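This one's a predicted model, so the numbers in the text were calculated from it and none came from an experiment. Numbering of ligands and ligand atoms starts at 1, following listing order.
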Amino acid sequence: MKIAIFHDKTIVLDHLDRDKYQQIYMAGKNGELHCPVCKKKVQLFLGIQESPYFFHIHSPIDHCPEPVSVDVKTEQTQTQELNGFQLPKGRMITETPKSVEVFRPAKTIEPTVIFTKTAVKNSLDGSPYLQQLAGNGVVLDDNQAAAVMETKGSLLVLAGAGSGKTRVLTARTAYMLHVEQIDPRTIMLVTFTSKAAAEMKSRLLTYPNINKSNLNQLVTGTFHSIFYRILMFHDAMNWTSDKLLKKEWQRDRILKEAGKELDLSEKEFAYDLALQQIGYWKNSLLLPHEVQPSSDFEEKTAFLYRKYEETKQRENLFDFDDMLIGCYQLFMSSPALLEQYQNRFHYFLIDEFQDINKVQYELINLLSGKHRNVCAVGDDDQSIYSFRGSDPNYILEFEKDFPYSNLVTLEQNYRSSHEIVTASNSIIAANKMRRAKKMNAQFSSETPPKMFFPFDEEEEATMIVTDLQAQIAQGANPSDFAILFRTNVSSRAVFERLASSNLPFRIDLDSEAFYDRYIVRSALSFLKISLNEDDSKALADILPLLFLKQAALKDLKAISILQDCSFLEAISHYKTAHPFQEKKLKKAVTLIRTLKHFSPLTAIEKIEKDLGFMDFLKKRGNESNMLEKGSDDLKDLKVASKGFNSIETLLAHADHMTATTKEIKNLSKHFTDAITLSTIHRAKGLEYSTVYLIGAVDGSLPHDYALDSFRNGDFSALEEERRLMYVAMTRAKQQLYLSVPQYRRGKKANRSRFLSSILSKKNKTYFCQ
Ligand SMILES: Nc1ncnc2c1ncn2[C@@H]1O[C@H](COP(=O)(O)OP(=O)(O)OP(=O)(O)O)[C@@H](O)[C@H]1O
């Protein structure tokens with residue numbers, strides 16, 4: 001049914017402005033929509049699989065006939081007869097749509113190549129042990145078997161997405177232990193996470209002829225855990241765990257202390273980004289005196305880096321990066337010790353080699369100096385950690401440092417359908433810096449990937465949650481689904497929609513809740529103090545935005561007592577050395593007072609423009625976090641605020657969401673069957689039956705900062721973004737949905753430039769924006 005009644009107005013979907021769909025959807029949820037025929041409650045279906053329609057809440061099968069077409073130009077006076085039914089009088093809210101935008105149905109991404117199952121030879125005659133493994137369900141194809149059995153000399157296993165890296169590494173270890181009878185103490189097996197190491201060990205235990213005592217002698221773990229053990233063994237006094245700066249806030253505290261010397265504001269300077277930059281320098285083996293800053297931000301950060309290292313040294317502390325640098329320095333300063341370890345380790349197996357950084361690479365280079373038996377397993381197309389110092393060049397130029405090494409390429413993708421694999425292949429093929437390879441799928445699915453076109457982030461969230469609800473109602477398990485996004489902040493709308501549904505979901509947020517973010521909180525504090533002029537927390541939050549120091553807080557409180565006025569009023573009496581500033585403060589107070597009379601969106605726009613929030617953000621400039629810019633937070637807040645009629649309801653919602661985020665962060669760890677909400681980075685190595693990738697538009701994926709670098713002539717960041725899209729797409733086994741919202745952060749968005757390669761010529765015309 002395409003017609004419904006909203007209060008006394010008739011809504012005809014085909015004539016409804018695109019930006020109103022979400023509002024009407026919410027009206028339906030709130031019981032404000034009615035059937036024009038039977039007058040019972042209806043809701044708007046806003047999903048991915050079908051175009052929107054109204055449905056009766058209590059009977060999914062519409063029993064009322066659709067009234068015939070409505071003449072939208074007719075101004076209705078009393079009543080109107082439609083198909084024999086009387087429709088309520090009243091004006092239609094949709095007579096002339098503002099925009100010509102119509103709902104675009106989801107688009108199927110047809111594969112460009114027809115599926116032909118590649119005959120995969122399972123190398124059973126190669127080795128009786130591999131036959132035994134196959135008997136145990138661990139079948140290996142020819143290339144996998146080669147990667148398992150080539151144990152002498154260095155080997156690069158270029159393993160495409162879903163090609164069975166883990167299976168290969170585990171089988172290779174078993175093969176070395178059982179068939180080649182290699183002493184487990186001479187093998188070092190490095191994984192990307194300690195969970196991966198534990199999983200590999202427990203899998204190995206199920207393999208024939210592998211016993212626990214053998215496994216216990218194997219040196220396994222992450223780079224950090226392995227090299228920390230070496231340090232502890234040789235210099236336990238200086239490396240006890242109580243000296244480790246485990247938490248980010250501990251490192252942050254040292255940095256902020258150092259920042260006082262430069263008069264850097266705790267709130268305004270992006271200390272999180274500075275910590276990340278310091279980690280990058282350390283992982284690239286750049287000591288403080290070797291850093292060559294290329295911007296004002298880097299200059300300040302280089303100063304903080306020097307101070308940070310001095311503090312650690314003085315207080316005898318260390319951080320995670322020091323574990324690797326410390327070990328590297330230990331080997332460099334003690335050739336005898338290095339030789340001892342070179343004699344000890346004969347074999348190195350390194351997983352996720354594409355994410356190796358300089359210090360890790362140098363350590364392996366040093367330790368393998370004698371035997372050169374390095375087996376590196378990785379996929380250059382999945383290198384996504386350059387901000388931490390990882391560099392795909394190590395995999396691209398492996399043969400340079402390990403001459404005479406062998407290469408095995410794993411191109412069978414056992415995870416994803418042919419339709420997903422071909423789409424992913426087309427996308428990644430556009431990267432220049434990569435080793436050529438092409439994945440082949442093992443099965444075809446009935447359901448090729450789909451692109452869908454929500455109006456904006458809000459509708460995107462609604463459409464996904466509607467789809468999830470339908471699929472779970474039909475028997476799918478919540479854990480089959482993942483919703484992936486580029487940055488934490490882009491998960492806001494979908495988080496909110498899931499939180500108000502009854503679907504179980506988990507989220508691994510490594511940042512604060514959206515409404516707790518500095519810029520968002522500050523903007524909301526203006527609204528709070530407008531409602532309650534004595535809100536001291538809100539007062540403290542807005543001071544930097546009024547270009548006042550925190551020290552002013554005490555004075556303002558004193559003024560409010562002495563002059564018996566509110567905290568807000570006190571600002572207008574505040575004396576500074578500059579009359580022009582005092583005048584500005586007075587004007588600001590008048591403006592803040594008026595905010596409560598506006599809608600949340602208008603009020604935020606006033607904060608942005610009339611209160612000089614935008615100037616503040618500009619001044620913050622490149623010190624703000626590159627990835628999650630403050631000005632973007634304000635845009636996101638404006639999108640979120642559109643759904644609220646009053647400032648009170650927006651503020652209540654923000655409080656509720658902040659509390660819910662904390663609750664879900666804690667609770668969701670215990671959920672075993674839940675939908676996953678995750679950044680693409682965190683989803684690396686994982687797989688799900690169905691993946692929804694949100695925000696497949698320029699500015700989101702690829703991220704704005706990569707587009708900026710590209711404009712400045714550097715294409716490497718853009719290539720990393722393309723790899724991120726590739727990683728996201730290849731997490732899906734059966735079904736992949738790419739969301740291309742038409743508006744993002746209140747502005748018209750262009751579909752991600754990466755998608756061009758999966759659109760046929762016809763489709764390209766269709767998508768021209
Ligand atoms: N020879 C094989 N036959 C059938 N299934 C296989 C084979 N090898 C691996 N698989 C299966 O394929 C899936 C993907 O394997 P795995 O997770 O090891 O891939 P990966 O190379 O680590 O992927 P990615 O790098 O994309 O995370 C797993 O479900 C695994 O059990």
Side-chain angles (χ1 to χ4, degrees), residues 117-124 126 130-131 133-149 156-175 189 191-193 195-197 199-200 202-204 206-207 349-356 375-385 392 395 408-418 420-421 423-425 427-428 434-435 437-443 479-480 482 484 676 678 680-689 691 723-734 736:
K117 191 166 165 29
T118 334
V120 179
K121 254 182 77 194
N122 291 323
S123 181
L124 297 180
L130 296 197
Q131 287 180 23
L133 275 184
N136 270 31
V138 187
V139 182
L140 297 170
D141 66 38
D142 259 2
N143 289 345
Q144 289 175 325
V148 166
M149 295 193 295
L156 174 62
V157 182
L158 256 189
S163 64
K165 267 189 291 125
T166 323
R167 187 174 288 203
V168 163
L169 268 173
T170 329
R172 184 180 163 96
T173 313
Y175 184 85
L189 168 60
T191 55
F192 196 65
T193 60
K195 195 171 155 219
E199 250 172 50
M200 238 179 242
S202 76
R203 258 197 229 184
L204 272 168
T206 65
Y207 281 25
L349 276 78
I350 304 162
D351 196 7
E352 308 278 7
F353 197 75
Q354 74 280 359
D355 286 322
I356 200 165
C375 170
V377 184
D379 179 7
D380 52 318
D381 291 333
Q382 293 186 63
S383 171
I384 54 173
Y385 278 101
I395 212 168
V408 172
T409 309
L410 305 181
E411 291 189 321
Q412 294 306 322
N413 181 313
Y414 293 97
R415 173 185 295 143
S416 315
S417 70
H418 167 70
I420 293 171
V421 168
S424 313
N425 276 341
I427 295 232
I428 201 65
R434 71 184 288 257
R435 285 189 181 242
K437 58 183 136 18
K438 204 167 191 188
M439 304 300 304
N440 295 306
Q442 285 294 306
F443 66 97
S479 57
D480 289 341
L484 304 183
T676 298
S678 168
I680 302 172
H681 281 101
R682 277 179 179 264
K684 195 177 94 122
L686 303 175
E687 54 185 32
Y688 303 90
S689 290
V691 166
R723 291 194 289 269
L724 271 164
M725 181 167 271
Y726 178 74
V727 169
M729 292 170 73
T730 54
R731 300 308 93 201
K733 294 199 260 188
Q734 304 280 348
L736 172 67

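The shortest N or O to N or O distance between Gln382 and ligand 1 is under 3.5 Å. Residue contacts with ligand 1: Gly162 is placed with a nitrogen or oxygen under 3.5 Å of a nitrogen or oxygen of the ligand (distance criterion only). In terms of N/O distances under 3.5 Å, ligand 1 is approached by Gly164.
Ion pairing of Glu411 with Lys437 is absent here, as no side-chain N (NZ or NE/NH1/NH2) approaches a carboxylate O to less than 4.0 Å. A salt bridge does not link Asp381 to Arg723: none of the charged nitrogens lies less than 4.0 Å from a carboxylate oxygen.
Atom numbering of ligand 1 starts at 1 in the shown order; those under 4.0 Å from a heavy atom of Ala161 are 26 (O). In the vicinity of Gly160, heavy-atom distances shorter than 4.0 Å reach the ligand 1 atoms 21 (O).
In terms of modelled atom types and a separation under 3.5 Å, the side chain of Asp380 and the main chain of Pro392 share no donor-acceptor contact. The backbone N or O of Phe192 lies less than 3.5 Å from no partner atom in the side chain of Glu352, so there is not a single donor-acceptor pair.
Among Met439, Gln354, Arg415, the residue whose heavy atom lies nearest to atom 17 (O) of ligand 1 is Arg415.
Using a 4.0 angstrom heavy-atom cutoff, Ala159 does not count as in contact with ligand 1. Under a 4.0 Å heavy-atom criterion, Gln412 is not in contact with ligand 1.
Shortest non-hydrogen contact noted between Ala145 and Leu130 is CB-CD1, 3.7 Å.
The proximity of Lys684 to ligand 1, defined as any non-hydrogen pair under 4.0 Å, does not occur for either the backbone or the side chain. Only the side chain of Arg731 comes within 4.0 Å of ligand 1, judged by heavy-atom distances. Under 4.0 angstrom from ligand 1, the non-hydrogen atoms of Val139 all belong to its backbone. Of the heavy atoms in Gln144, only side-chain atoms (C-beta onward) come closer than 4.0 Å to ligand 1.
Annotation: salt bridge (charged side-chain N to carboxylate O under 4.0 Å, His left out) contacts of Asp351 (sequence neighbours excluded): none.
Sorted by first and then second residue, the side-chain hydrogen bond (donor to acceptor under 3.5 Å, both in side chains) pairs involving residues 724-733 (not counting sequence neighbours) are Gln382-Arg731.
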task: Using the salt bridge (Lys or Arg N to Asp or Glu O under 4.0 Å) rule, take Asp355 and Lys684 through it: C-alpha gap first, then chi angles, then the decisive distance, then the call.
output: CA-CA 11 Å; Asp355 286 322; Lys684 195 177 94 122; 2.5 Å; yes
